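Scroll down for the structure; my scribbles are underneath it.
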Amino acid sequence: MGEFVIRDEGPGFDPASLPDPTDPENIEKACGRGLLLMRTFMDKVDYNRTGNQVTLTKRANHVRT
Amino acid sequence: MSARDEGKIGMSKNKNILIEEADGSGQTLVVAPLFTYRAFAEGDVAAEWQALESRLSAAEVQNVVIDLSALPFFGSTVLEWMVKIWKQIKDKPGKFGLCCVSPVGVQILQAARLHTVWQIYPSRAEAIAALAGKA
């Protein structure tokens, strides 16, 4: 299992408040897909309370179907 | 021939984004990103991106094929880049399509639901023919 912790010095944000980039209303928006891709390709994505640190977990031998 | 191979034989002087006219008229452009995350971080792509945007705004350019053969995978920055090109072409209005997308690339497009609005072709030739209305 691999765990990656990424933190910055910014004020953070609430990941739950982000618009759904797959919604037809948002599909033409240029940005806003990073979290979606992290959630698609990692096994676990956790933010801290402040929202300025994300922990990505990837298990070995995980086969996506 | 892959986009990277074409770069080696000088189809474009660009290092990060190859641009090629699909026909003599310049109506359909093939755009092949070669860049890596490092290129983004170092700002190498910015000047080529500006030149591409300028080229796309030319009246004769109607259609764009993005050839992804050099990218086994990509992230949200490349998606952002492709959405911007798509919107610019759609507003003309022109046609937009992708070709030579890797299996992981298809997964990325499916996750973003962009496969519902973009046509994906197996080869560059098929994409060019389809956008030119020959398929």
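Everything numeric in this text was worked out from a predicted model, so none of it was measured. Reminder, nothing fancy here: chain letters follow the sequence lines and each chain counts from 1.
Identified by a heavy-atom distance below 4.5 Å to chain B, the contributing residues of residues 28-36 of chain A are Glu28(A), Lys29(A), Ala30(A), Cys31(A), Arg33(A), Gly34(A), Leu36(A), in residue-number order.
Contact between Ile27(A) and Trp86(B) at its shortest, heavy atoms only, is O-CZ3, 4.0 Å. Looking at every heavy atom in both residues, Leu37(A) comes nearest to Ser76(B) through CD1-N, 3.5 Å.
Heavy atoms from other residues, nucleotides or ligands lying under 6.0 Å from CD of Glu80(B) number more than 12.
Residue pairs that meet the ring pair (Phe, Tyr, Trp, His ring centres under 6.0 Å) test with at least one member in residues 51-71 of chain B, sequence neighbours left out, do not exist here. For residues 52-62 of chain B, every residue pair satisfying the salt bridge (charged side-chain N to carboxylate O under 4.0 Å, His left out) rule, not counting sequence neighbours, is listed here: Glu21(B)-Arg55(B).
Hydrophobic clustering keeps Val5(A) apart from Leu56(A) (ILVMFWY residues linked when any side-chain heavy atoms are closer than 4.5 Å, directly or through intermediates). In the hydrophobic cluster analysis, where Ile, Leu, Val, Met, Phe, Trp and Tyr join through side-chain heavy atoms closer than 4.5 angstrom, Leu18(A) is grouped together with Ile6(A).
Here the OG1 atom belonging to Thr40(A) is positioned 9.0 Å from the CD atom belonging to Gln107(B), to the nearest 0.5 angstrom.
Applying the side chain to side chain contact (heavy atoms under 4.5 Å, CB included) rule to Asn48(A) yields the partners Arg7(A), Thr50(A), Asn52(A), Gln53(A); only residues at least two apart in sequence or on another chain are considered.
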